[in-house]
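Whatever order the structure lists ligands and atoms in, that order sets their numbers, starting from 1.
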Amino acid sequence: MNNHHLELFKRHERNPILTAADWLYPANSVFNPGATLLHDGTTLLLCRVEDRRGLSHLCVARSANGVDGWDIDTQPTLMPDPDNFPEELWGIEDPRITYVPEIKKYAVVYTAFSSSGPGVALALTEDFHAFERYGMIMAPEDKDAALLPHRIGGHWVLIHRPVSGSSAHIWLSYSPDLRHWGSHKIMLAARLGGWWDAHKIGLASPPIETAKGWLVIYHGVRPNAAGSIYRLGLALFDLHTPEICLKRSDEWIFGPEEPYERRGDVDNVVFPCGYTIAADGDTIQLYYGAADTSIALATGSVHAILEWLK
Ligand code: BMA
């Protein structure tokens, strides 16, 4: 590509790193994975798997280097459970993982596709085998959510994306117990008019806590005559009052370019739900769904991104 802008995220040469062909049971597509680094350094991806009914569940893939040698669960790891959680009727999607030191558990925040539309659900796990479901914590229509890793001012903080009319902005809400949410605030508003991030935006991967603030990668959805283009932008938020935006990129910093991002079940989509930070404390490995069909990896530097955002 003859792009004269700075390349903040570099695609891995082995992209896409995971496809449905790698799965050990029948699947239509694998995409939009949550990610975390386990305490032993293993990269864990919690992948969205769409089956051949069109419904999604979640499945774990583990790798020592986060690139290849994936050890994929032989069965779905977390299936929708509509008998006990009717809001999961049409599947569970787009998990975002946050390790929460206070409770020594991983919080998995995902989209529950209910008969009333998509809402935000929460489950806690210690091992990605057993999950404790909290059910739907944000009613439809709401998605693109993640928990911050620790309380702020004594309260848990959830970032999410409710839809109201023709606009969809990023909000955050506070809770004393992870179940009851309030003090809702707009965190980042979609722009208007011809902008790449006009009208509809959403959180991409969970925020990255840096000395300068919460670094947020978000997606913007640009409709056009042929469909939509999902691209990524950057914003930085105050560490103590995360609804205060300190910086925001004007331009998108990553968008569909490669064939596996351009063509698939949904064309022109790059959709990260997770990242890991390497042992150097700086290198971000961003895992993203490509065209709702496969999983790809791009690498960046927290330091370089913060410098660019200045
Ligand atoms: C969004 C989400 C994502 C999906 C994207 C493109 O609304 O549903 O899961 O990747 O659309 O289809």
S.K.: Any carboxylate oxygen within less than 4.0 angstrom of a Lys/Arg side-chain nitrogen, looking at Arg179 and Asp177?
M.R.: no
S.K.: So, do Phe271 and Tyr288 have ring centers that fall under 6.0 Å from each other?
M.R.: no
S.K.: Just so I know, are the side chains of Thr36 and Leu44 near enough to count as touching, which here means a heavy-atom distance under 4.5 Å?
M.R.: yes
S.K.: When the aromatic ring centroids of Tyr218 and Trp196 are compared, is their separation below 6.0 Å?
M.R.: yes
S.K.: Which protein residues have a heavy atom closer than 4.0 Å to any atom of ligand 1, listed by chain and number?
M.R.: Asn32, Arg48, Asp94, Lys143, Tyr230, Val266, Val269, Phe271, Asp292
S.K.: Do the side chains of Arg48 and Asp94 get close enough for a salt bridge, i.e. N-O under 4.0 angstrom?
M.R.: yes
S.K.: Is the distance between the ring centroids of Tyr25 and His57 less than 6.0 Å?
M.R.: yes
